[in-house]
Amino acid sequence: MSASGPFQDKPALRVESLTLSRGERILVRALSFDAGAGEYVEVRGGNGSGKTTLLRALAGFVKPRAGKIAVEGAEEPTLALHYVGHLNGLKGAATAYAHAQHWAGLFGASAARRDGALARVGLTAQAELPVRVLSQGQARRLALARLVLAPRPIWLLDEPAAALDARGREMLSALIEAHRADGGLVVAAVHDALGPEPSQTLTVTA
Amino acid sequence: MSASGPFQDKPALRVESLTLSRGERILVRALSFDAGAGEYVEVRGGNGSGKTTLLRALAGFVKPRAGKIAVEGAEEPTLALHYVGHLNGLKGAATAYAHAQHWAGLFGASAARRDGALARVGLTAQAELPVRVLSQGQARRLALARLVLAPRPIWLLDEPAAALDARGREMLSALIEAHRADGGLVVAAVHDALGPEPSQTLTVTA
Amino acid sequence: MLTYLANPARFMAFSAWAAPLFFGLAVIAFAVGLPWALAFSPADYQQGETVRIMYVHVPAAWWSMGVYAFMGVASFVGLVWRHSLADVAARAAAPIGATFAAVCLITGSLWGAPTWGTWWEWDGRLTSMLALFIIYLGYIALWSAMDDEEKAARLAAILCLVGLINLPIIKFSVDWWSTLHQPASIMRSGGSAIHPSMLGPLLTMAGAYLALFAALLMMNMRAAIFRRRVEAARMRGGEA
Amino acid sequence: MNAFVATFRRDVALMWAGGGALAPLGFFLGATMLVPLAMGPDRALLESAGPPLVWIAAALAVLATLERLFQADLEDGSLDQMMLSPAPLEALVLAKGAAMWCVIGLPLALAGAPAAIALQAPPSLVPAIVLSLALGTAAFIGVGLIGAAVTAGVKRGGVLIALIVLPFFAPPIIFGSAVAGGDEVGAALSILAGCALAALALGPIAAAAALRLQAE
Amino acid sequence: MNAFVATFRRDVALMWAGGGALAPLGFFLGATMLVPLAMGPDRALLESAGPPLVWIAAALAVLATLERLFQADLEDGSLDQMMLSPAPLEALVLAKGAAMWCVIGLPLALAGAPAAIALQAPPSLVPAIVLSLALGTAAFIGVGLIGAAVTAGVKRGGVLIALIVLPFFAPPIIFGSAVAGGDEVGAALSILAGCALAALALGPIAAAAALRLQAE
Ligand code: HEM
Ligand SMILES: Nc1ncnc2c1ncn2[C@@H]1O[C@H](COP(=O)(O)OP(=O)(O)OP(=O)(O)O)[C@@H](O)[C@H]1O
Ligand SMILES: Nc1ncnc2c1ncn2[C@@H]1O[C@H](COP(=O)(O)OP(=O)(O)OP(=O)(O)O)[C@@H](O)[C@H]1O
Ligand SMILES: [Mg+2]
Ligand SMILES: [Mg+2]
């Protein structure tokens, strides 16, 4: 029943002979894969192998050198996905709560979700602190709050567990499991297994 | 024989009833510990518990609210230590090699060490790339190159394995073991064990 | 005296009665000084009635510099001995000093229009006084741009000490540049060159400004200390 | 629409906290102090040079804020998030421009009133001067968005931006100073309005295109 | 000494790459374009307003670079490393100031020569004008270090810096313009040299003290 749930439109990623490059260097060569609702895809590879580049291409930020990326079951691909990358996307001078509020507007989330999101990632006590003073792990949790805040079927996560403590990682893997059960699709680049059993593993070797 | 080696002055940290705070919040209360040559001290604690604050206090950046930190066997404490924190201390527009060169001047390292450092952390191929285009893990390796570049007895490492792949982590733990064998002292804040057996573990709970 | 008051609790006890006392003194001094200056003192044989602006202008000029010097001392104490009450005092004094500087600038230009035929001229004294006003503004802006009070206090103290250089420039600008502005006639080596009938009201007004400064300073400091206590209590409540 | 409002509100808050409202005051005091200092005490010179000062202060205040406008978003990852919003990137860029106008342009325009009076402009001209400044800063910001977006990836791009946008600042400055001088106020104002409209229509489109490339 | 040279060299390289050398060109073109635009086509006016422009360009070019001078080091962690160097932080701050002078101050001073000639200053005055600009920019930078260090933790502190340093920019501008005007050149130059020395002696000390606080 993993593919039922709130995402009626059954998201799916279809990647066909994708080639990605940085500068003159080719990082991903003729990669093809399909992933559908409920899947958890792990992307593996050494430092500098091209994991981040692949995720950014899936998000639509990096234009492929060749090949195709299709997001099915979504009119506008960028509205079907969340991207949590190496950079947290935070402003030091604004509070954690102000970030939640901003994202709720930016992604079109309800007020209820907005208020629940900080609690979900364990930042209730830090809601009114400016982000500048948060610890590294707290800042990462805040970035992850975007996932909870606005429901979107596809999650692209780049080393999402970076700087998280053991409880934070449990929280993250619970989030991923819940998302899969809702019929979502998760693609995560990792060095260590996050916890959930991957339905497929892509290895990038450049 | 761990306390023999090039660091003749046998570094030692003596911390006495140290109290640290951020804003009005007390993070570390009356912490005391001693660590000497050849030791590897692991600092543990959840997100936001104060590991970074503790390391920055040991480095002399954060002034203690109470208590004392003494670095023995060094005239000037700041010259006895390396600090690799959450921030890598890199300039996007400069190449990896330019960084090595700059640090060699800044810390007073020999040209031979400077040229060996990038190879030691696996960045030979990236030496002439501007740091802006390095991957997350490559940037971290570059920051770790400072440890190799200028020999200093005390290493303060804040989640040094962040963004490193499996080989990078092996390299790091080999660096730490070699440093201990040379009579150095390593204090590292981590969420996961780095590899080397810690001689003591400090737990921060705020 | 100062070391005795350096304890916030003792300061609160002292200022609880001293602030109203100084305020009362200021009121009395203004009540005496203003009519004396504006109505009963002689008009100047050259400048006529406009000379009366002097009684507002000159004390404001003196104390805008005096307050800055006070802030300099407080900043030094706060920086060297890390004394929080000194930080509070420096911060509390700044808006008062800025107001005095503004009063000096405004009355100066009002006075300049009839006597020099111009509101403003870029001469040494006027420029350095405007610089003092802007330094005050920068100091206040720096304080309010940072939310970590302790850090703000130390950084502002550094800035304040650097700005002290401006005081001798203001003081001696009239001697260094040949300018429009009057050279010192009251406080100068070799005795005062002003008529005693003008000196009386002038000194009374200067005393009134000083008492007003002392009263406002203590009131501002009390407010800041209260706010700190409330915040500390809230933080402790939040932690539990 | 929500995303527009959210972006606008956050940027207003951030700029305000970062001293945005001080911009007119600071630059204004700064420029009005620097220029006479540099020009010496020649009153006649100052009086003819005076009113344009307001324009130069306005152009410089906008310029000073532009450098970090998108660079910060690029460096901290906020730009990625903007591209994932249902609102078109153009609208979000416009929201940032609008925020900048409210925090910097509008206060500068208002500061134009006392400035004009101090420099003895005829009182009847003051409303026109304020209006011209409000339109002129909008035009500056519209053009500035493009410069800021194109140079977002360049560290210390401040001077580069200046080079890129200054030629486009020329028309508003020319017609704005005409207003301050009192000649053909009506015509100058409508040309200024035209400049502002054109800059605000074109700016976000070009800037958004540049930003999409920056995110690669 | 090594650390000083290393810091100097890196900062020169970074500023150069970031368009530092464009500063005189950009500001010069900008100012010589904007000001006449705003002032209208009155030649006599322009000629008297001309030489001061170089001073204003110098002050603004320094100001524009100051904002990110230490802020970038604080944000990317370089400041921590500077504090671990055997060289005193004061020396490293001075090295950064020296780099800034070489990349921005010196080119601006050299730009003063064509500017003065274009604005028909007597040729005999040109060396003095260049020298005065070289000294003046050094003074600006010395003072600017303090402003930059004190505001390094404040986002978009650009306007705050302007407010803080402008009062201290006044003396060099006053005496610098005196040189351009040709009155008492010798005395003005020695006062400028005094300003520069004082600023370069005090600046690094105060700035280093502020930076140590910023690192907390
Ligand atoms: C905006 C314009 C003015 C400013 C900023 C200004 C500033 C100052 C300052 C800073 C002082 C204190 C000097 C000291 O204690 O050494 C002072 C004193 C004084 N000013 Fe002004 N002034 C201005 C205009 C005028 C005008 C127009 C007059 C009268 C024609 C005037 C007459 C005086 C006199 C008589 C003193 C007392 C000098 C002494 O005996 O020390 N000022 N002013
Ligand atoms: N202009 C360029 N020229 C050459 N190589 C480049 C250029 N830009 C980027 N690269 C290389 O492309 C790779 C980008 O890798 P990417 O960031 O996708 O790696 P990653 O798998 O995410 O690594 P990490 O695990 O360290 O995060 C790096 O090896 C980088 O050095
Ligand atoms: N001004 C402030 N007021 C209240 N709390 C603050 C303030 N500044 C910092 N803090 C808190 O102090 C703590 C700093 O923790 P620190 O960065 O040392 O944690 P850490 O153990 O390194 O965490 P991580 O594992 O996430 O890196 C955080 O919990 C932060 O929220
Ligand atoms: Mg990566
Ligand atoms: Mg930490």
Side-chain angles (χ1 to χ4, degrees), chain C residues 64 68 72 75-76 78-80 82 87 94 98 101 105 121-170 172-173 176-179, chain E residues 52 67 70-71 74 93 139 142-175 177-178 181 183-184 187-188 191 194-195 197-199 201-216:
Chain C
S64 64
Y68 197 88
S75 295
F76 185 79
L79 209 53
V80 173
R82 295 216 154 195
D87 297 336
L105 287 168
E121 204 60 58
W122 292 97
D123 99 327
R125 164 146 300 167
L126 273 58
T127 306
S128 53
M129 190 65 203
L130 181 62
L132 179 67
F133 178 62
I134 296 179
I135 291 175
Y136 270 124
L137 289 188
Y139 177 89
I140 295 169
L142 180 63
W143 258 105
S144 53
M146 301 211 294
D147 31 28
D148 181 344
E149 289 226 345
E150 246 189 70
K151 203 186 276 182
R154 310 244 171 301
L155 292 172
I158 292 174
L159 181 63
C160 179
L161 290 178
V162 171
L164 279 177
I165 306 181
N166 193 35
L167 292 189
I169 296 182
I170 300 179
F172 297 112
S173 54
W176 292 345
W177 291 280
S178 46
T179 54
Chain E
E67 176 176 6
F70 297 119
Q71 199 173 69
L74 183 65
V93 168
V143 170
L145 290 173
I146 305 176
V150 167
T151 58
V154 183
K155 288 270 173 175
R156 308 198 205 236
V159 202
L160 192 56
I161 292 191
L163 196 60
I164 287 177
V165 302
L166 280 179
F168 300 97
F169 278 19
I173 293 189
I174 294 178
F175 294 103
S177 321
D183 8 308
E184 298 185 55
I191 296 181
C195 289
L197 273 182
L202 241 163
I205 296 173
L211 287 177
R212 287 204 186 85
L213 295 169
Q214 299 282 10
E216 278 231 341

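Chain naming here is simple, since letters A, B, ... match the order of the sequence lines and numbering starts at 1 in each. Keep in mind it's a predicted model, so treat the numbers as computed, not measured.
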Problem - Interatomic spacing from CG in Leu163(E) to CG in Leu137(C) - rounded to 0.5 Å - result: 6.0 Å

Problem - Interface moiety of Ile165(C) toward chain E, non-hydrogen atoms closer than 4.5 Å - result: side chain

Problem - Thr151(E) OG1 to Leu159(C) CG distance, which is reported to the nearest 0.5 Å - result: 10.0 Å

Handout entry: Neighbours of chain C found in residues 209-216 of chain E - heavy atoms under 4.5 Å
Key = Ala209(E), Ala210(E), Leu213(E), Gln214(E), Glu216(E)

Handout entry: Interatomic distance, Ile164(E) atom CD1 to Leu142(C) atom CG [nearest 0.5 angstrom]
Key = 4.5 Å

Fill in the blank from the handout: Closest heavy-atom pair, Phe168(E) versus Ile135(C), reported as atoms and distance to 0.1 Å, is CZ-CD1, 3.8 Å

Exercise for the section: Provide the closest heavy-atom pair for Leu155(C) versus Val150(E) in the form atom of the first, atom of the second, distance. Expected result: CD1-O, 3.7 Å

